[in-house]
Each structure stands twice: as C-alpha cells, then as structure tokens.
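I have placed the structure first, in the form of structure tokens, so that the comments after it can refer back to it.
Given the structure is predicted, the values throughout are model-derived calculations rather than measurements. All values below were derived from every heavy atom in this structure, side-chain atoms included, with hydrogens, water molecules and symmetry-related copies excluded.
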Amino acid sequence: MTVPAHPRSRRPAPSRRPALPHRPTADRIEIRLPWWAVALPAVAFAALLLMIMSPGQAQAATADPALGQLIERTLHLLSR
C-alpha cells in the first residue's frame, strides 16, 4: 500500500440549510414607518387632549330619546 505524499485537507461537509442573511447589529436597526403611522395617532391625541382641556363648552345632545331608551333596555337585558 502506498501512502499519499500530501495529506488531504479536511473540508467541512456542505450544509444542507441555506445560509441565513446577515442581521444588522442592535446599534444599526432601522425602523421605517409611513408618515401617516406617526401623524394619525398624534392628531388623535391632540384632539382628545383638546376635548379634555375644555369640558366647560360641552353641551348635552338633543337627539331622539328613542336611542337612549334602546341602549338603556339593552344594558338592562344584559345585566340580568
């Protein structure tokens, strides 16, 4: 038996799973939002804040009392 002159270099077996994409480090995470994802909550917060700040200008609703009676009866039936 002859001995080879050059030892074979050991190569790692090929992986069956594809390589995972490189993830950025925690320092470089970039979150991109559309403009309305920031603007709409800000507008809603401002509107609610204005309603809270000026409760003296609120007036009672003058709607048909049938809606109020319907809600009252529904709540009464649900509370049984």
Atom pair CD1 (I52) and CG (L48), whose distance is rounded to the nearest 0.5 Å: 6.5 Å

R73 side, atom CZ; L78 side, atom CG - distance, nearest 0.5 Å: 14.0 Å

Distance, nearest 0.5 Å, that separates CG of L40 from CH2 of W35: 6.5 Å

